[in-house]
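Just so you know, ligand 1 is whichever comes first in the structure, and atom 1 is the first atom listed for that ligand. Bear in mind the structure is a predicted one, so any value in this text is a computation, not a measurement.
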Amino acid sequence: MKSQVTLTTLYKMKEKGEKIVALTAYDYPFAKIVNDSGVHMILVGDSVGMVIQGKSSTLPVTMDEMIYHTCIVSKAAGNAMIVGDMPFMSYQTSIEDAIANAGRFLKEAGAAAVKLEGGRAVSETIKAISGAGIPVQAHIGLTPQSVHQMGGYRVQRNEEQLMADALEIESAGAFSVVLEGIPSEISEKITKALAIPTIGIGAGPHCDGQILVLHDLLGLNDRHLPKFVKQYANLLDDAKTGIKQYIEEVQAGKFPAKKHCY
Ligand code: KIV
(Lines give C-alpha, C1' and ligand atoms only; values in the text may rest on other atoms or scores of the structure.)
Protein backbone atom coordinates (compact mmCIF):
# COMPACT_ATOMS: atom_id res chain seq x y z
CA MET A 1 0.00 0.00 0.00
CA LYS A 2 1.60 3.27 -1.13
CA SER A 3 -0.49 6.21 0.00
CA GLN A 4 -2.33 7.30 3.12
CA VAL A 5 -5.72 5.63 3.43
CA THR A 6 -8.46 8.25 3.71
CA LEU A 7 -12.25 8.17 3.57
CA THR A 8 -11.99 8.72 -0.19
CA THR A 9 -9.76 5.63 -0.49
CA LEU A 10 -12.39 3.54 1.32
CA TYR A 11 -15.31 4.85 -0.76
CA LYS A 12 -13.35 4.17 -3.97
CA MET A 13 -12.52 0.65 -2.79
CA LYS A 14 -16.20 -0.04 -2.19
CA GLU A 15 -17.07 1.34 -5.61
CA LYS A 16 -14.48 -0.87 -7.31
CA GLY A 17 -15.35 -3.93 -5.23
CA GLU A 18 -11.87 -4.04 -3.65
CA LYS A 19 -11.94 -5.54 -0.17
CA ILE A 20 -10.94 -3.33 2.75
CA VAL A 21 -8.72 -5.11 5.29
CA ALA A 22 -8.77 -4.00 8.90
CA LEU A 23 -7.23 -5.31 12.12
CA THR A 24 -7.07 -4.19 15.70
CA ALA A 25 -3.83 -3.13 17.39
CA TYR A 26 -3.10 -1.76 20.84
CA ASP A 27 0.65 -1.15 21.01
CA TYR A 28 3.60 0.12 18.98
CA PRO A 29 5.33 -3.11 17.85
CA PHE A 30 2.16 -4.83 16.67
CA ALA A 31 0.74 -1.66 15.12
CA LYS A 32 3.96 -1.37 13.12
CA ILE A 33 3.72 -4.99 11.94
CA VAL A 34 0.08 -4.51 10.98
CA ASN A 35 0.70 -1.22 9.17
CA ASP A 36 3.81 -2.46 7.38
CA SER A 37 1.96 -5.59 6.24
CA GLY A 38 -0.40 -3.37 4.26
CA VAL A 39 -3.62 -3.36 6.26
CA HIS A 40 -5.86 -0.43 5.30
CA MET A 41 -7.38 0.37 8.68
CA ILE A 42 -6.19 -0.16 12.26
CA LEU A 43 -8.83 -0.07 14.94
CA VAL A 44 -7.62 0.62 18.45
CA GLY A 45 -10.51 -1.39 19.81
CA ASP A 46 -11.97 -1.29 23.28
CA SER A 47 -11.34 -5.05 23.00
CA VAL A 48 -8.08 -3.89 24.65
CA GLY A 49 -9.97 -4.54 27.89
CA MET A 50 -10.25 -8.27 27.18
CA VAL A 51 -7.20 -8.82 24.97
CA ILE A 52 -4.57 -6.78 26.84
CA GLN A 53 -6.02 -6.04 30.26
CA GLY A 54 -7.42 -9.56 30.79
CA LYS A 55 -10.86 -8.30 31.78
CA SER A 56 -14.03 -10.27 31.13
CA SER A 57 -15.73 -7.56 29.03
CA THR A 58 -15.00 -4.24 27.35
CA LEU A 59 -17.14 -2.29 29.82
CA PRO A 60 -14.44 -1.15 32.28
CA VAL A 61 -12.21 0.43 29.60
CA THR A 62 -11.75 4.17 30.16
CA MET A 63 -11.24 7.13 27.83
CA ASP A 64 -7.75 7.73 29.23
CA GLU A 65 -6.77 4.13 28.51
CA MET A 66 -8.09 4.41 24.96
CA ILE A 67 -6.18 7.66 24.42
CA TYR A 68 -2.98 6.04 25.75
CA HIS A 69 -3.26 3.05 23.39
CA THR A 70 -4.34 5.15 20.41
CA CYS A 71 -1.34 7.47 20.90
CA ILE A 72 1.15 4.63 20.74
CA VAL A 73 -0.58 2.93 17.81
CA SER A 74 -0.63 6.22 15.89
CA LYS A 75 3.12 6.60 16.36
CA ALA A 76 3.62 3.29 14.53
CA ALA A 77 1.16 3.93 11.76
CA GLY A 78 2.23 4.85 8.29
CA ASN A 79 -0.48 4.67 5.67
CA ALA A 80 -3.20 2.82 7.51
CA MET A 81 -6.17 4.80 8.79
CA ILE A 82 -6.27 4.83 12.59
CA VAL A 83 -9.70 4.54 14.18
CA GLY A 84 -10.13 5.06 17.93
CA ASP A 85 -12.88 3.08 19.61
CA MET A 86 -15.08 5.11 21.97
CA PRO A 87 -15.38 3.18 25.25
CA PHE A 88 -18.56 2.47 27.18
CA MET A 89 -20.10 5.66 28.64
CA SER A 90 -17.86 8.02 26.68
CA TYR A 91 -20.66 8.90 24.23
CA GLN A 92 -23.88 7.68 25.86
CA THR A 93 -24.10 10.33 28.60
CA SER A 94 -24.66 13.40 26.40
CA ILE A 95 -23.99 14.76 22.93
CA GLU A 96 -21.53 17.24 24.48
CA ASP A 97 -19.55 14.43 26.16
CA ALA A 98 -19.60 12.47 22.91
CA ILE A 99 -18.16 15.33 20.85
CA ALA A 100 -15.54 16.19 23.48
CA ASN A 101 -14.41 12.58 23.86
CA ALA A 102 -14.41 11.92 20.11
CA GLY A 103 -12.34 15.09 19.69
CA ARG A 104 -9.70 13.76 22.11
CA PHE A 105 -8.97 10.84 19.77
CA LEU A 106 -8.05 13.25 16.96
CA LYS A 107 -6.55 16.06 19.03
CA GLU A 108 -4.49 14.09 21.56
CA ALA A 109 -4.07 10.62 20.09
CA GLY A 110 -3.52 10.99 16.34
CA ALA A 111 -6.58 9.03 15.19
CA ALA A 112 -8.28 9.95 11.92
CA ALA A 113 -11.71 8.69 12.96
CA VAL A 114 -13.68 7.22 15.86
CA LYS A 115 -15.96 4.20 16.19
CA LEU A 116 -18.97 3.85 18.43
CA GLU A 117 -21.55 1.13 18.98
CA GLY A 118 -25.24 1.36 18.22
CA GLY A 119 -27.73 2.06 15.47
CA ARG A 120 -30.79 4.31 15.56
CA ALA A 121 -30.30 4.96 19.30
CA VAL A 122 -27.05 6.83 18.60
CA SER A 123 -27.89 8.46 15.26
CA GLU A 124 -28.13 11.96 16.80
CA THR A 125 -24.72 11.38 18.41
CA ILE A 126 -23.22 10.28 15.09
CA LYS A 127 -24.70 13.37 13.43
CA ALA A 128 -23.23 15.67 16.08
CA ILE A 129 -19.76 14.12 16.06
CA SER A 130 -19.49 14.04 12.28
CA GLY A 131 -20.95 17.56 12.23
CA ALA A 132 -17.93 18.57 14.31
CA GLY A 133 -15.68 17.31 11.51
CA ILE A 134 -14.84 13.96 13.10
CA PRO A 135 -15.39 10.90 10.89
CA VAL A 136 -17.51 8.29 12.68
CA GLN A 137 -17.62 4.57 12.07
CA ALA A 138 -20.76 2.95 13.46
CA HIS A 139 -20.99 -0.62 14.79
CA ILE A 140 -24.21 -2.63 14.71
CA GLY A 141 -25.33 -6.22 15.25
CA LEU A 142 -23.52 -7.85 18.14
CA THR A 143 -22.35 -4.81 20.08
CA PRO A 144 -20.15 -5.96 23.00
CA GLN A 145 -20.84 -2.87 25.12
CA SER A 146 -24.49 -4.01 25.28
CA VAL A 147 -23.60 -7.54 26.42
CA HIS A 148 -25.97 -7.39 29.38
CA GLN A 149 -28.84 -5.97 27.34
CA MET A 150 -28.35 -8.65 24.66
CA GLY A 151 -28.20 -11.42 27.28
CA GLY A 152 -24.69 -12.46 26.19
CA TYR A 153 -22.58 -12.29 23.03
CA ARG A 154 -25.30 -13.41 20.64
CA VAL A 155 -25.62 -13.38 16.86
CA GLN A 156 -28.21 -10.72 15.92
CA ARG A 157 -30.79 -11.91 13.40
CA ASN A 158 -33.52 -9.28 13.24
CA GLU A 159 -33.15 -8.18 9.62
CA GLU A 160 -35.71 -5.40 9.80
CA GLN A 161 -34.10 -3.76 12.84
CA LEU A 162 -30.57 -4.20 11.50
CA MET A 163 -31.48 -2.68 8.13
CA ALA A 164 -33.27 0.24 9.83
CA ASP A 165 -30.18 0.83 12.01
CA ALA A 166 -27.84 0.68 9.02
CA LEU A 167 -29.88 3.10 6.91
CA GLU A 168 -30.27 5.59 9.73
CA ILE A 169 -26.63 5.68 10.73
CA GLU A 170 -25.69 6.23 7.09
CA SER A 171 -28.11 9.18 6.91
CA ALA A 172 -26.65 10.50 10.17
CA GLY A 173 -23.25 10.79 8.47
CA ALA A 174 -21.30 7.66 9.48
CA PHE A 175 -18.48 7.03 6.98
CA SER A 176 -18.53 3.27 7.52
CA VAL A 177 -20.17 0.62 9.65
CA VAL A 178 -18.86 -2.47 11.40
CA LEU A 179 -21.30 -5.39 11.12
CA GLU A 180 -20.64 -7.87 13.91
CA GLY A 181 -22.29 -11.24 14.53
CA ILE A 182 -24.87 -11.03 11.75
CA PRO A 183 -25.93 -13.82 9.35
CA SER A 184 -24.26 -13.51 5.93
CA GLU A 185 -27.51 -13.01 3.98
CA ILE A 186 -28.46 -10.01 6.12
CA SER A 187 -24.97 -8.45 5.88
CA GLU A 188 -25.10 -8.89 2.12
CA LYS A 189 -28.40 -7.00 1.90
CA ILE A 190 -27.11 -4.22 4.18
CA THR A 191 -23.87 -3.95 2.18
CA LYS A 192 -25.87 -3.60 -1.06
CA ALA A 193 -28.26 -1.06 0.47
CA LEU A 194 -25.54 1.27 1.78
CA ALA A 195 -23.23 3.63 -0.09
CA ILE A 196 -20.76 3.57 2.84
CA PRO A 197 -18.42 0.59 3.29
CA THR A 198 -19.41 -2.23 5.64
CA ILE A 199 -16.63 -3.95 7.60
CA GLY A 200 -17.60 -7.41 8.83
CA ILE A 201 -16.59 -9.48 11.82
CA GLY A 202 -18.60 -12.66 12.03
CA ALA A 203 -20.82 -11.24 9.31
CA GLY A 204 -19.87 -13.37 6.30
CA PRO A 205 -17.99 -12.73 3.07
CA HIS A 206 -20.21 -10.14 1.41
CA CYS A 207 -19.15 -7.12 3.47
CA ASP A 208 -16.95 -4.50 1.81
CA GLY A 209 -14.16 -5.40 4.21
CA GLN A 210 -13.22 -7.60 7.14
CA ILE A 211 -11.79 -6.97 10.58
CA LEU A 212 -10.46 -9.37 13.20
CA VAL A 213 -8.92 -8.94 16.62
CA LEU A 214 -5.17 -9.20 15.95
CA HIS A 215 -4.41 -11.47 18.91
CA ASP A 216 -7.07 -13.95 17.75
CA LEU A 217 -5.64 -14.07 14.21
CA LEU A 218 -2.08 -14.54 15.51
CA GLY A 219 -2.98 -17.21 18.04
CA LEU A 220 -1.85 -15.10 20.98
CA ASN A 221 -4.87 -15.97 23.00
CA ASP A 222 -5.68 -19.11 24.94
CA ARG A 223 -9.32 -18.19 25.40
CA HIS A 224 -12.16 -19.82 23.50
CA LEU A 225 -12.27 -18.30 20.01
CA PRO A 226 -15.57 -17.47 18.35
CA LYS A 227 -16.53 -19.47 15.24
CA PHE A 228 -15.82 -16.52 12.95
CA VAL A 229 -12.10 -16.35 13.83
CA LYS A 230 -9.50 -17.92 11.59
CA GLN A 231 -6.16 -18.34 13.34
CA TYR A 232 -3.36 -17.62 10.84
CA ALA A 233 -0.43 -18.17 13.21
CA ASN A 234 0.29 -19.71 16.60
CA LEU A 235 2.45 -17.15 18.37
CA LEU A 236 1.44 -18.37 21.81
CA ASP A 237 3.17 -21.71 21.23
CA ASP A 238 6.16 -20.02 19.58
CA ALA A 239 6.50 -17.67 22.56
CA LYS A 240 6.27 -20.51 25.09
CA THR A 241 8.86 -22.56 23.17
CA GLY A 242 11.28 -19.61 23.11
CA ILE A 243 10.81 -18.80 26.79
CA LYS A 244 11.20 -22.46 27.83
CA GLN A 245 14.47 -22.64 25.91
CA TYR A 246 15.68 -19.45 27.63
CA ILE A 247 14.86 -20.93 31.05
CA GLU A 248 16.70 -24.15 30.20
CA GLU A 249 19.77 -22.33 28.90
CA VAL A 250 20.00 -19.97 31.88
CA GLN A 251 19.68 -22.90 34.26
CA ALA A 252 22.25 -24.95 32.33
CA GLY A 253 24.71 -22.01 32.25
CA LYS A 254 24.51 -21.89 28.42
CA PHE A 255 23.19 -18.33 28.30
CA PRO A 256 24.78 -15.84 28.16
CA ALA A 257 27.46 -17.29 25.88
CA LYS A 258 30.75 -15.56 25.12
CA LYS A 259 29.30 -13.57 22.22
CA HIS A 260 26.69 -12.02 24.53
CA CYS A 261 29.31 -10.75 26.97
CA TYR A 262 31.41 -7.54 27.07
O1 KIV B 1 -13.16 -3.49 20.03
C2 KIV B 1 -12.95 -4.11 18.97
O3 KIV B 1 -11.90 -4.71 18.76
C4 KIV B 1 -14.01 -4.10 17.98
C5 KIV B 1 -13.82 -4.93 16.75
C6 KIV B 1 -13.83 -6.34 17.07
C7 KIV B 1 -14.75 -4.57 15.67
O8 KIV B 1 -14.97 -3.44 18.16
Just checking, is any N or O donor in the side chain of Ser184 or Ser187 under 3.5 Å from an acceptor N or O on the other one? no
Hey, which atoms in ligand 1 end up nearer than 4.0 Å to a heavy atom of Gly45? 1 (O), 2 (C), 3 (O)
Atoms in ligand 1 flagged as close to Thr24, the criterion being non-hydrogen separation under 4.0 Å: 3 (O)
Option among Met66, His215, Glu65 that satisfies the side chain to side chain contact (heavy atoms under 4.5 Å, CB included) test with Tyr26: His215
Is atom NZ of Lys19 surrounded by more than 12 heavy atoms (other residues, nucleotides or ligands) closer than 6.0 Å? yes
Identify the protein heavy atom lying closest to atom 2 (C) of ligand 1, giving its residue, its atom name and the separation to 0.1 Å. Ser47 OG, 3.3 Å
Do Lys115 and Leu43 touch side chain to side chain, with heavy atoms closer than 4.5 Å? yes
Got a sec: does the NZ of Lys107 have more than 12 other heavy atoms crowding it under 6.0 Å? no
Of all the non-hydrogen atoms in the protein, which one sits nearest to atom 6 (C) of ligand 1, and at what distance? Ile201 CD1, 3.5 Å
Using 4.0 Å as the upper bound for N to carboxylate O, is an ion pair formed by Glu188 and Lys192? yes
What part of Asp46 sits under 4.0 Å from ligand 1 if we count only heavy atoms: the side chain, the backbone, both or neither? both
How far is atom 4 (C) of ligand 1 from its nearest protein heavy atom, and which residue and atom name does that atom have? Leu43 CD2, 3.5 Å
Near Asp85 (heavy-atom distance under 4.0 Å), the atoms of ligand 1 are 1 (O), 2 (C), 8 (O)
Between Arg104 and Asp64, is there a salt bridge with N-O shorter than 4.0 Å? yes
Heavy atom of Lys115, distance to ligand 1 below 4.0 Å: yes
Determine whether the side chain, the backbone, both or neither of Thr58 has a heavy atom under 4.0 Å from any heavy atom of ligand 1. neither
